[in-house]
Amino acid sequence: MPAVVVVGAQWGDEGKGKVVDLLAQHADIIARYQGGNNAGHTLVVDGRKTVLHLVPSGVLHPGKICVIGNGVVIDPAVLLTEIDELRLRGCLGSDDLLKISDRAHLIMPYHRSIDQARERLRGEGRIGTTGRGIGPTYEDKMARIGIRVADFFDDDTFTDALRRTIEEKNAYLSGMLKEQTLDFEAIHREYQAFRRRLAPYVCDTAVYLHAALHASKRVLLEGGQGTMLDVDHGTYPYVTSSNTVAGAACTGTGIAPNQITSVVGIVKAYTTRVGSGPFPTELHDDLGKKLRQDGDEFGATTGRPRRCGWFDAVVVRHAVRLNGMSGLALTKIDVLTGFDTIRVCTGYEFNGQRLDDFPASSAVLRASRPIYEEWPGWKEPLNQARSLSDLPANARAYIRRLEEITGAPMIMISVGAGRDETILLRNPFGVP
């Protein structure tokens with residue numbers, strides 16, 4: 001009963017979509033355990049790009065069952081649009097191929113309004129939220145006033161909860177945020193239509209996954225963002241509103257910790273992040289622009305240009321330790337082709353002292369300076385490589401050094417965006 005967790009080892013956008021898509025061919029079930037439609041996973045299959053926001057990345061494989069777990073917050077309009085688009089492509093042909101947790105929380109229109117208004121009021125102190133209502137939905141979940149999918153399907157419960165909550169939210173929107181209020185009747189009608197369409201997919205997904213694992217099904221678990229955006233362990237407050245680390249796969253799906261058999265960390269051969277917050281290895285020069293352009297570093301959800309910098313081993317060691325990563329999948333090493341010299345951050349310098357562990361304080365992080373090693377680059381294109389021996393000697397040396405300074409072995413190396421542009425060294429499901 002193998003259950004494999006795939007988790008980002010940096011600030012997200014590491015290429016989880018491609019890795020999940022590749023591993024999904026060996027899985028029976030692919031489950032999403034946290035986040036919402038603030039995350040976008042990009043897949044390229046047969047030259048065609050697909051961007052997913054809520055449906056797990058294994059959906060492009062025929063017959064795979066996709067699960068949206070209780071830890072995910074769901075915007076029904078976004079999810080239904082995604083389902084419709086996938087069906088036009090021949091995916092999700094049967095209702096049985098998608099299951100939605102009855103314990104997941106719903107994103108409501110007032111969550112989006114509050115999210116966007118707060119970000120505008122922050123001015124230069126913006127967090128960098130996508131404005132999709134994710135944070136306010138998690139706030140209501142923790143305040144115990146959220147609306148869950150199970151509540152949504154009991155009309156009296158839903159009506160009472162919506163009426164009570166919208167009065168409070170409208171008072172906050174008009175009084176504190178100086179925004180327009182929302183109409184109860186319009187939201188109620190809209191969400192009743194959503195309810196009818198979502199009904200075939202809703203079940204107790206924790207019970208379903210438990211039974212599947214005991215029936216020796218292979219389960220692949222994916223999160224939405226990277227470790228450094230975890231609300232507890234990331235660069236707080238410039239983080240997402242949920243726990244992104246591998247431990248959240250248990251709380252976000254109902255799978256017990258002793259059922260997790262492997263954790264795969266996804267890591268870029270350099271570093272990127274979207275939005276605000278400290279970023280020690282960020283490049284503000286032409287090299288940073290080259291990484292952005294050659295790596296097509298623009299947000300899958302927002303289209304925002306990503307900030308780019310050199311590989312940060314302090315960040316990745318932090319992620320390896322927190323997640324108990326049994327191996328790393330290295331992505332976008334092909335983007336480094338053509339660089340004469342490649343730099344790797346092995347530690348930080350702060351007030352004359354070396355830091356090898358990631359600091360909690362944003363002030364310390366902003367005042368820290370990266371300590372770099374330099375490695376020779378390579379000129380040869382990598383996208384035809386299908387084994388380590390196909391890679392240039394300098395690329396192999398770079399990979400070996402990343403393994404040494406992060407403390408985790410490479411199990412997969414992506415040399416391009418396509419499915420076949422991959423070197424698989426070890427399959428976490430144990431399949432040859």
Side-chain angles (χ1 to χ4, degrees), residues 6 12-13 15-21 24 27 29-46 48-109 111-112 115 129-134 137-138 147-149 152-153 190-203 205 220-225 240 242 252-253 298-304:
V6 172
D13 309 308
K16 291 186 293 298
K18 173 181 174 174
V19 175
V20 171
D21 174 66
I29 301 163
I30 303 92
R32 171 86 179 270
Y33 63 83
Q34 58 79 219
N37 58 297
N38 55 340
H41 290 170
T42 302
L43 296 81
V44 179
V45 179
D46 297 328
R48 184 175 182 181
K49 185 163 80 169
T50 302
V51 180
L52 300 169
H53 299 283
L54 285 166
V55 178
S57 301
V59 69
L60 299 187
H61 291 275
K64 304 298 180 180
I65 296 173
C66 293
V67 173
I68 298 175
N70 57 276
V72 179
V73 291
I74 299 171
D75 186 320
V78 173
L79 177 56
L80 288 167
T81 298
E82 196 164 299
I83 291 170
D84 290 343
E85 290 173 351
L86 286 165
R87 283 193 160 160
L88 287 174
R89 293 193 53 178
C91 302
L92 296 179
S94 166
D95 290 347
D96 292 338
L97 295 177
L98 177 64
K99 300 184 185 299
I100 300 170
S101 172
D102 53 8
R103 289 174 167 81
H105 279 246
L106 294 175
I107 298 172
M108 305 298 292
H111 292 134
R112 293 192 296 272
D115 202 8
T129 174
T130 60
R132 303 301 202 267
I134 312 299
T137 307
Y138 278 116
I147 297 175
R148 302 179 305 160
V149 172
F152 186 37
F153 279 88
E190 180 185 31
Y191 273 66
Q192 281 183 318
F194 294 154
R195 181 168 57 198
R196 288 190 292 272
R197 292 197 58 200
L198 290 174
Y201 310 111
V202 175
C203 68
T205 54
L220 183 61
L221 302 155
E222 69 164 336
Q225 291 92 6
T240 195
S242 60
T253 61
F298 299 90
T301 297
T302 63
R304 290 181 293 182

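Along the sequence shown, the residues carry numbers beginning at 1.
Across all non-hydrogen atoms, the minimal contact from H61 to A24 is CD2-CB, 3.7 Å. Looking at every heavy atom in both residues, Q34 comes nearest to S242 through NE2-OG, 2.9 Å. The minimum heavy-atom distance linking H111 with L106 is given by the pair CE1-O, 3.7 Å. Between V72 and G36, the shortest heavy-atom distance links the atoms CG1-CA, 4.5 Å.
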Report, one line per pair, each donor and acceptor closer than 3.5 Å where one atom sits in a side chain of residues 97-105; sequence neighbours left out.
| unit_1 | atom_1 | unit_2 | atom_2 | d |
| --- | --- | --- | --- | --- |
| S101 | OG | R103 | N | 3.0 |
| R103 | NH1 | D204 | OD2 | 3.1 |

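Rounding to the nearest 0.5 angstrom, the gap separating the SG atom in C66 from the CG atom in L54 is 12.0 Å. Residue F153 holds its CZ atom at 11.0 Å from CZ of R196, rounded to the nearest 0.5 Å. Atoms CG and CG, from L86 and L52 in turn, are 6.0 Å apart once rounded to the nearest 0.5 Å. Atoms CD1 and CG, from I65 and L92 in turn, are 11.5 Å apart once rounded to the nearest 0.5 Å.
Between I74 and L198 the shortest side-chain heavy-atom distance does not fall below 4.5 Å. For the pair I134/I107, a side-chain contact is recorded, criterion being any heavy-atom separation below 4.5 Å from C-beta on. When side chains are defined from C-beta on, V78 does not count as touching P76, because their heavy atoms never get closer than 4.5 Å. Taking 4.5 Å as the limit, some side-chain heavy atom of I83 sits within range of a side-chain heavy atom of R87.
When L79, I30, L60, V67 are each tested for a side-chain contact (heavy atoms from CB on, under 4.5 Å) with V55, only one passes: L79.
The closest donor-acceptor contact from the side chain of E222 to the backbone of S57 lies under 3.5 Å. Between the side chain of R197 and the backbone N or O of A199, no donor-acceptor pair lies under 3.5 Å. Looking only at distances, a side-chain donor or acceptor of E82 sits under 3.5 Å from a matching main-chain atom of H53.
Remark: N70 engages no residue in a side chain to side chain donor-acceptor pair (under 3.5 Å) (not counting sequence neighbours). Residues satisfying the side-chain contact (heavy atoms from CB on, under 4.5 Å) test with E190, not counting sequence neighbours, are P109, F194. Partners of Y201 under the ring-ring contact (aromatic ring centres under 6.0 Å, His included) rule, at least two apart in sequence or in another chain, do not exist in this structure.
Pairs of residues two or more places apart, or lying in two chains, that qualify as salt bridge (Lys or Arg N to Asp or Glu O under 4.0 Å) and include a residue from residues 60-77 are D75-R112.
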